[in-house]
Amino acid sequence: MTETKFDFKKALEKLTEINNWFQSSDLDLDEGLKKLKEGRELITQCNKRIKEVENEFVKIKAEFAKEEDIDLDELLGEMY
């Protein structure tokens, strides 16, 4: 079974679309509940992807620091 790659940009676009829908004056309660559930799932997926990227970024920085013999705490301190 192949896993489809999560498209962060499309997820943000869909969240914007859902948000705009809630800003409209013609709200349907059942549709709103459906969109709320969809939005919650998209936010969960986005947060997961952000964490994955953060972890990968820290790993790359650590590898770079090791290769260049740079203090990792000093390098990461400059980032934050």
Approximate separation, where rounding is to 0.5 Å, of [X] [atom1] and [Y] [atom2]:
X     : Y     : atom1 : atom2 : result
Glu41 : Cys46 : CD    : SG    : 10.0 Å
Glu31 : Asp26 : CD    : CG    : 12.5 Å
Asp7  : Arg49 : CG    : CZ    : 10.5 Å
Asp28 : Trp21 : CG    : CH2   : 6.0 Å

Going hydrophobic residue to hydrophobic residue with side-chain gaps under 4.5 angstrom, can you get from [X] over to [Y]?
X     : Y     : answer
Ile18 : Leu12 : yes
Leu15 : Phe6  : yes
Ile43 : Val53 : no

Point to revise | Val58 side chain reached by Glu54 side chain, heavy atoms, under 4.5 Å | key: no
Practice item. May I ask you to test the Glu13-Lys9 pair for a side-chain heavy-atom distance under 4.5 Å? Key: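 Yes, at least one pair of side-chain atoms sits under 4.5 Å.
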Exercise for review: Go through the steps for Thr44 and Lys48 under the test side chain to side chain contact (heavy atoms under 4.5 Å, CB included), then give the verdict.
Suggested key: CA-CA 6 Å; Thr44 299; Lys48 180 181 175 188; 5.7 Å; no
Check your understanding: Do other residues, nucleotides or ligands put more than 12 heavy atoms under 6.0 Å from Leu33 CG?
Key ->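 More than 12 within 6.0 Å, yes.
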Check your understanding: Should the pair Lys14-Glu17 be classified as a salt bridge under the 4.0 Å nitrogen-to-oxygen rule?
Key ->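 Salt bridge flag = yes for Glu17 with Lys14.
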Check your understanding: Hey, is Lys59 close enough to Glu56 for a salt bridge, meaning N to O under 4.0 Å?
Key -> no
